[in-house]
Amino acid sequence: MSDSGRYDEPRRPQFVADPSEQKAAELLRRERERATDNEEVEHTVWSEPALSPALAGSPGDDQLTYQRWLVRNVERTSALRSIWVTLLVALAAGPWGVLGAFAGSGNSVFSMLMFTVFGPVAEEVAKVAAALWVVEKRPFYFRSFGQILLCAICGGAAFAAIENLLYIYAYVPDHTPAFVEFRWTVCVALHVTCSLIAGIGLMQIWRDAMRRLAPPQLSLGVPWFIPAMVIHGLYNASVIFVSAAGWLDLGMPGQ
Amino acid sequence: MIVTNTETIAGYRIAEIKGLVQGNTVRAKHAGRDIAASFKNLVGGELRGYTELLTESRRQALERMLAQAEQLGANAIVNVRFTTSAVTAGAAELYAYGTAVVAQPGA
């Protein structure tokens, strides 16, 4: 009650709008302005598996669908650009290979598991990671499956070369000539073969996506990725076994 | 675009159901914000950087859901829900979904 005898309403709290709303709106506006069809196609409703054609109808002529995006970009991508991307992807496997080689090294009991399971899985993924990204996100850059296989083979060879240099000059500085020869023949052949097998998986994913003009299904590559990893792991396990048994003397145990 | 978390819209009737629409995002702040937040954590109070992060994520998920509804030619989304996930640490992960409909005035 005030001095004048009038009832004063209790003071209501002052609600203040969250300033983060304005900042977020501005940030998202800038992001929207920068966004291209390549990002927008990932969120288009027409690729949603839950969409019912009976309810939703068909997309209008001006709407962005995965099929239209893919066809348009295939037409826009020149042969020269496609070759450049292929070469870049083939070369990108090298830096990734370094990471994979580090993941596959170690000198403890745990390294047995690393050598035969985690290492091969990490290395096989690393070798084809760049090509896999292109197949999944920008499949229009490849014009034939030969480019994918080339990327896979180059990836395997580049990876093997970097891993060999690490082994020869960093891990085993007091190596024997037999060890060097083994690395540059057997190990290179193994990495190239495994990458080629994984590359066939990539090729299956790409070919299916281009045939259906639909988002790539990575599961199609799994029947090829797994054998590549298993062959690599079995090879590593075999080298450890035959070295431990004394049947293979290269001046150092293991790969 | 009418967006509501109820199944119906007062004063409107659902003339057409277009289907499920959804938007999701996983966003993170830069490392500087994470470091600043860890210091702020010592003294308490609002972690404004993370408030912004959550706001950005919510708005972006909503915008993507709205964009899908527009693509379907809907003028309303009913039964809107938000949910979160835990894919990676230090990120705000928001998923918004609802049913895109064509609503017309009249009960």
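Proteins get letters first, then strands, A, B, ... in listed order; numbering begins at 1 in each.
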Residue part contacting chain B, namely of [X], when any heavy atom lies under 4.5 Å:
X	result
Glu21(A)	both
Glu40(A)	neither
Asp62(A)	neither
Ala25(A)	both
Ala56(A)	both

Lys23(A) and Glu56(B) ion-paired at < 4.0 Å: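 No salt bridge links Lys23(A) with Glu56(B).
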
Flag the pair Arg29(A) and Glu63(B) as a salt bridge only when some basic side-chain nitrogen lies within less than 4.0 angstrom of an acidic carboxylate oxygen.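 Between Glu63(B) and Arg29(A) there is no salt bridge, as every charged N stays at least 4.0 Å from the carboxylate O atoms.
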
Smallest heavy-atom separation, Arg27(B) atom then Leu27(A) atom, equals NH2-CD2, 3.3 Å

Using every non-hydrogen atom in the two residues, find where Leu20(B) and Val45(A) come nearest and quote the distance to one decimal. O-CG2, 4.5 Å

Are there over 12 heavy-atom neighbours, none belonging to [X], within less than 6.0 Å of that residue's [atom1]?
X	atom1	value
Ile14(B)	CD1	yes
Tyr95(B)	OH	yes
Trp84(A)	CH2	no

Roughly how far, to the nearest 0.5 Å, is OG of Ser20(A) from CZ of Arg59(B)?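 One gets 8.5 Å once the value is rounded to the nearest 0.5 Å.
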
Any sub-3.5 Å donor-acceptor pair from Gln63(A)'s side-chain atoms to Gln71(B)'s backbone N or O? yes

Just distance, no hydrogens or angles: give the donor-acceptor pairs under 3.5 Å from side chains in residues 42-51 of chain B, sequence neighbours left out.
residue: Glu46(B); atom: OE2; partner: Thr51(B); partner atom: OG1; Å: 2.8
residue: Tyr50(B); atom: OH; partner: Asp34(B); partner atom: OD1; Å: 2.5
residue: Thr51(B); atom: OG1; partner: Leu47(B); partner atom: O; Å: 3.2

Is it the side chain or the backbone of Arg64(B) that comes within 4.5 Å of chain A heavy atoms, both, or neither?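 For Arg64(B), side-chain heavy atoms alone lie under 4.5 Å from chain A.
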
